[in-house]
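This report refers to the structure that appears directly beneath it.
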Amino acid sequence: MNSRREAEPLVLGIETSCDETGIGIVRGTTLLADALASSVDEHARFGGVVPEVASRAHLEAMVPTMRRALSEAGVSLADVDAIAVTAGPGLAGALLVGVAAAKGYAVAADKPLYGVNHLAAHVAVDTLEHGPLPEPAIGLLVSGGHTSLLQVDDLTGDVTPLGATIDDAAGEAFDKVARLLGLPFPGGPPIDRAARDGAADAIGFPRGLTAAKDQAAHRYDFSFSGLKTAVARWVEARQQAGEPVPVADVAASFQESVADVLTAKAVAACRERGVSTLVIGGGVAANSRLRAVAERRCEAAGVTLRIPRPKLCTDNGSMVAALGSRLVSAGVAPSRLDLPADSALPVSVPSV
Ligand code: KG4
Ligand code: ZN
């Protein structure tokens, strides 16, 4: 191991904002371990994450997941330079389990603690795959609870929201449309799969907030609730007529509308703001069609596209460790030991 690598911080990250208990370990921008325990199966029959069930599952998974991460990385807690934890946004009870555990580990092992923003961590995780992020960059963050377009001048302290969804998040739209089509929760992966056998141009679903009249007030904002309603109406009309619902075509046409709007607005933001890097993060960034359309449009616009591999797009601990590592390297002071879990932490606050 060379000396530069040795000098890079060894950071452990803990993620519990939703239904995944994730513990990741990184050295600088090198991923050493990514241990994950999911309670998704316990929520599936409810069609959405049940906060109390998620909190209890985090509690049960915390210690075994920590053991797995440390053994996978071949390190002990004493070797770690800092502990990072998701402080928000997310489910309050779920966040509290991670924050309390992180405080316990930090005190027991006498390590600095960093409370980090889950949304900024979805962007930071890309450094584990593509190395340091060129800044400024435009960030497109698409998850189950958030959809935001960001100007990232410095991921450790200067993130400016350009726009966001005015109703449903992109992932929420996938989850709701999957339910309509009788596909399981979470809806993104089954829609992605079903769409492979369908035609993206079979049904002309609406493109939210892309009309000329929306360009002034909502240029970089998104709306997916009209799309969801349009899909519901289309499916109902078929059912009422006693005709079978072409699930693959509906999935492909719905997915096309989401991918089209997200990438068009993200690339427009790059062009209009003179920024040459686009980074996409969050669970919906795992979507194969979104990735393909983004690639084509970025290439045409001369924009460098960065999207982490699908496994790093959905919630995990290494994204938290990646942002923690960046904060340590930038010399940002650790958080206080009484740091709160903030379920509504704004995207512009990378660490608390
Ligand atoms: O970032 P994430 O794991 O958790 C949150 O922070 O919300 O995102 C979860 C969301 C879910 O709505 C899920 O349906 C969606 O990401 N998702 C996908 C895909 N994989 C996960 N959406 C579309 N296509 C996918 N392949
Ligand atoms: Zn997330």
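Just follow the structure's listing: the first ligand is 1, and inside any ligand the first atom is 1. Residue numbers run from 1 in the order of the sequence given.
Looking at E20 against ligand 1, nothing comes within 4.0 Å, counting heavy atoms. Only the side chain of D175 comes within 4.0 Å of ligand 1, judged by heavy-atom distances.
Protein heavy atom nearest atom 9 (C) of ligand 1, with residue, atom name and distance: G144 N, 3.7 Å. Given atom 17 (N) of ligand 1, the protein heavy atom at minimum distance is G283 O, 3.5 Å. Looking from atom 22 (N) of ligand 1 to the surrounding protein, the closest heavy atom is G188 CA, 3.3 Å. Summary of contacts: the protein heavy atom closest to atom 4 (O) of ligand 1 is D315 OD2, 3.0 Å. For atom 24 (N) of ligand 1, the nearest non-hydrogen atom of the protein is N287 ND2, 3.0 Å.
Distances below 4.0 Å separate heavy atoms of G145 from the following atoms of ligand 1: 7 (O). When each atom of ligand 1 is checked for a heavy atom of H122 under 4.0 Å away, the hits are 1 (O), 6 (O). For ligand 1, the atoms sitting less than 4.0 Å from at least one non-hydrogen atom of G187 are 14 (O), numbered in the order shown with element in parentheses. Less than 4.0 angstrom separates some heavy atom of D192 from each of these atoms of ligand 1: 24 (N), 25 (C), 26 (N). Close approach to G171 involves these atoms of ligand 1, each under 4.0 Å from a residue heavy atom: 12 (O). Listed by number with element, the atoms of ligand 1 under 4.0 Å from a non-hydrogen atom of H118 are 6 (O). Interface of P189 with ligand 1, defined as ligand atoms under 4.0 Å from a residue heavy atom, comprises 19 (C), 20 (N), 21 (C), 25 (C).
Considering all non-hydrogen atoms of both residues, V11 and S325 come closest at CG2-CA, 3.7 Å. Nearest heavy-atom pair across L339 and K103 is O-NZ, 2.8 Å.
Residue D315 approaches the Zn ion (ligand 2) most closely through its N/O/S atom OD1. When you scan the N, O or S atoms of H122 for the one nearest the Zn ion (ligand 2), you land on NE2. The N, O or S atom of H118 lying closest to the Zn ion (ligand 2) is NE2.
With no hydrogens or angles considered, no side-chain donor-acceptor pair links S225 and D168 at under 3.5 Å. No donor-acceptor contact under 3.5 angstrom links the side chains of R326 and T156, judged on distance only. H58 and T16 are not linked by any side-chain donor-acceptor pair at a separation below 3.5 angstrom, with hydrogens and angles left out of the test. Side-chain atoms of Y220 and E272 form a donor-acceptor pair, as typed in the model, at a separation below 3.5 Å. No hydrogens or angles considered: nothing links the side chains of S253 and Q255 as a donor-acceptor pair under 3.5 Å. Judged purely by distance below 3.5 Å, without hydrogens or angles, the side chains of S39 and D19 never pair a donor atom with an acceptor atom.
Shown are L133, T304, I307; of these, the side chain to side chain contact (heavy atoms under 4.5 Å, CB included) with V279 is made only by L133.
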**Request:** List the steps, then state whether side chain to side chain contact (heavy atoms under 4.5 Å, CB included) holds for W234 with F205.
**Result:** CA-CA 9 Å; W234 197 93; F205 286 132; 4.0 Å; yes

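The nearest N, O or S atom of C18 is not closer to the Zn ion (ligand 2) than 2.8 Å.
For the pair T147 and L262, the minimum side-chain heavy-atom distance is below 4.5 Å.
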